[in-house]
Amino acid sequence: MFNQDVFSIGAVAGLAIAIVFTWRIFLSAPERRQPKRQPNIASSSGINSQPNAAVVSSGSSGSQEDSRAQNVVDTFFQPVKPTLAQVVRQKLCEGRKVTCRLVGVVLEETSPEELQKKATIKSSVLEVLLEITKFCDLYLMDRVLDDESEKRVLLALEEAGLFTSGGLVKDKVLFCGTENGRTSFVRQLEPDWHIDTNLEIITQLARFIKYQLHISQSRPERMAPNVFSSTSLEHFFQCT
């Protein structure tokens with residue numbers, strides 16, 4: 001299928017170039033015939049210079065047409081910006097299982113204490129999460145201090161449409177009482193990618209998990225070849 005697509009694009013490109021060159025040859029043909037008529041114009045008395053002006057005008061018009069033709073070619077061969085789905089697949093290296101912390105990544109709140117009052121989904125991260133769930137087994141997890149916090153988080157995820165629009169299910173939203181509990185979840189699930197804000201957990205898991213993404217505003221130096229860093233999940237998957 002890929003070879004067929006490449007062949008089709010090449011055929012269309014070749015046709016476009018052939019049309020442009022044919023167009024330019026057609027436009028230049030009158031200019032090559034024009035000098036044969038100039039002696040008659042020069043030998044006739046009382047004839048003004050309007051025909052010469054017409055020749056200049058014709059040349060100017062041809063240049064404009066050539067410029068338009070070049071614009072068509074430039075537009076045709078302009079690089080196509082990748083879609084978010086393509087960027088997500090490329091950045092995740094075709095990984096099939098992803099674990100991700102909720103606080104500070106998916107949620108506006110940055111601590112379990114804040115979850116005792118409210119849980120707010122980042123609107124900017126929703127589209128990325130939905131793309132991840134289309135081809136990855138996604139698990140969301142975090143430490144909470146009480147059952148009410150769990151309910152708030154689940155309700156926020158449900159209201160954001162993650163349980164209906166994407167492949168996320170409630171059974172894949174995990175809660176624990178300690179940071180070490182989140183580490184244990186990740187070790188048991190053995191994901192291709194883990195996303196977290198806790199540098200200590202990232203460091204502990206670096207030798208066990210294939211790839212990790214550390215979300216941090218400070219952008220620390222890269223600690224290992226398999227650990228990446230970004231200011232936010234959505235920023236990491238920007239279409240650039």
Side-chain angles (χ1 to χ4, degrees), residues 82-112 114-115 118-144 149-199 201-206 208-216 226-239:
T83 65
L84 178 59
Q86 291 171 332
V87 173
V88 169
R89 285 178 178 269
Q90 180 183 14
K91 287 290 184 73
L92 291 182
C93 306
E94 300 295 334
R96 291 299 177 181
K97 184 183 289 186
V98 177
T99 55
C100 178
R101 183 180 191 182
L102 283 158
V103 167
V105 181
V106 177
L107 300 175
E108 296 281 359
E109 290 70 32
T110 57
S111 70
E114 291 183 57
L115 294 180
K118 60 186 178 67
T120 311
I121 305 294
K122 291 183 179 182
S123 58
S124 58
V125 83
L126 276 177
E127 190 175 2
V128 172
L129 287 177
L130 290 174
E131 287 297 336
I132 292 175
T133 59
K134 287 180 181 178
F135 67 96
C136 284
D137 196 12
L138 177 64
Y139 289 82
L140 300 178
M141 58 186 64
D142 217 314
R143 178 170 71 94
V144 293
S149 296
E150 289 187 24
K151 294 178 182 178
R152 288 189 187 92
V153 171
L154 290 172
L155 181 60
L157 293 170
E158 183 175 6
E159 290 180 343
L162 286 170
F163 294 138
T164 55
S165 301
L168 185 66
V169 296
K170 290 184 179 181
D171 290 342
K172 294 181 181 179
V173 183
L174 310 175
F175 299 98
C176 55
T178 65
E179 292 292 278
N180 288 335
R182 188 162 76 255
T183 303
S184 297
F185 281 155
V186 177
R187 290 286 303 275
Q188 292 172 21
L189 290 168
E190 299 181 339
D192 299 299
W193 279 82
H194 177 61
I195 304 165
D196 212 299
T197 61
N198 190 314
L199 183 58
I201 289 180
I202 291 286
T203 303
Q204 292 175 2
L205 293 172
F208 301 108
I209 307 304
K210 188 175 182 180
Y211 299 109
Q212 290 191 93
L213 174 61
H214 180 215
I215 303 298
S216 172
N226 64 332
V227 177
F228 300 85
S229 179
S230 179
T231 55
S232 68
L233 183 64
E234 56 272 33
H235 185 267
F236 182 68
F237 292 106
Q238 278 185 343
C239 299

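Keep in mind that this is a model prediction, so the values were computed, not measured.
Counting heavy atoms from C-beta outward, L126 and L162 have side chains that approach closer than 4.5 Å. The shortest side-chain heavy-atom distance between L140 and V106 falls under the 4.5 Å cut-off. Between V227 and L213, every side-chain heavy-atom pair lies at or beyond the 4.5 Å cut-off. With contacts defined as side-chain heavy-atom distances shorter than 4.5 Å, the pair Y139/L189 qualifies. Contact check for S216 versus T231: no side-chain heavy atoms found under the 4.5 Å cut-off. Within the 4.5 Å cutoff, the side chain of Q212 has no heavy atoms near those of the I195 side chain.
Separating the CZ atom in F237 from the CD atom in Q90 is a distance of 11.0 Å, to the nearest 0.5 Å. Note that CG of D142 is 10.5 Å distant from CZ of F185, once rounded to the nearest 0.5 Å. Of the inter-residue distances, the one linking L84 atom CG with E234 atom CD reads 11.0 Å to the nearest 0.5 angstrom. Considering CG of L168 and CG of L157, their distance stands at 6.5 Å, rounded to 0.5 Å. Note: D196 CG to I201 CD1 = 5.0 Å, rounded to the nearest 0.5 Å. Atom CG of L199 is separated from atom OG1 of T203 by 4.0 Å, given to the nearest 0.5 angstrom.
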Is there a side-chain contact (heavy atoms from CB on, under 4.5 Å) between R182 and R101? Walk through the geometry before answering. CA-CA 8 Å; R182 188 162 76 255; R101 183 180 191 182; 3.5 Å; yes
Between L107 and T120, is the side-chain contact (heavy atoms from CB on, under 4.5 Å) condition met? List the steps. CA-CA 5 Å; L107 300 175; T120 311; 6.0 Å; no
Would V103 and T197 satisfy side-chain contact (heavy atoms from CB on, under 4.5 Å), going step by step from the backbone distance to the final call? CA-CA 8 Å; V103 167; T197 61; 5.8 Å; no
For a side-chain contact (heavy atoms from CB on, under 4.5 Å) check, start with the C-alpha distance between F236 and V128, then their side-chain angles and the critical distance, and finish with the verdict. CA-CA 10 Å; F236 182 68; V128 172; over 6 Å; no
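With sequence neighbours left out, the side chain to side chain contact (heavy atoms under 4.5 Å, CB included) criterion links E114 to E109, T110, S111. Under the side chain to side chain contact (heavy atoms under 4.5 Å, CB included) criterion, Q204 pairs with T183, E200, sequence neighbours left out.
Ring pair Y211/W193 is parallel by interplanar angle, where below 30° counts as parallel and above 60° as perpendicular.
Under 4.0 Å is where a charged nitrogen must lie from a carboxylate oxygen, and between D192 and K210 no such pair does. Salt bridge status for K170 with E158: present, with a side-chain N to carboxylate O gap under 4.0 Å.
Not a single donor-acceptor pair under 3.5 Å links the side chain of K97 to the backbone N or O of E190. At distances below 3.5 Å, not a single donor-acceptor pair connects side-chain atoms of S230 with backbone N or O atoms of L233. When atom types are taken as modelled, the side chain of E108 and the backbone of K122 share no donor-acceptor pair closer than 3.5 angstrom.
In summary, of the residues considered (R187, M141, K172), a side chain to side chain contact (heavy atoms under 4.5 Å, CB included) with T99 occurs for M141 alone.
Across all their heavy atoms, A85 and E131 have their closest contact at CB-OE1, 3.3 Å.
For the pair R143 and F175, the cation-pi test (distance below 6.0 Å, angle within 45°) is failed. Annotation: cation-pi pair R96/F135 absent, no NZ/CZ under 6.0 Å from the ring centroid and within 45° of its normal.
With no hydrogens or angles considered, no side-chain donor-acceptor pair links H214 and S229 at under 3.5 Å. Side chain to side chain, E179 and N198 meet the donor-acceptor criterion of an N or O pair below 3.5 Å.
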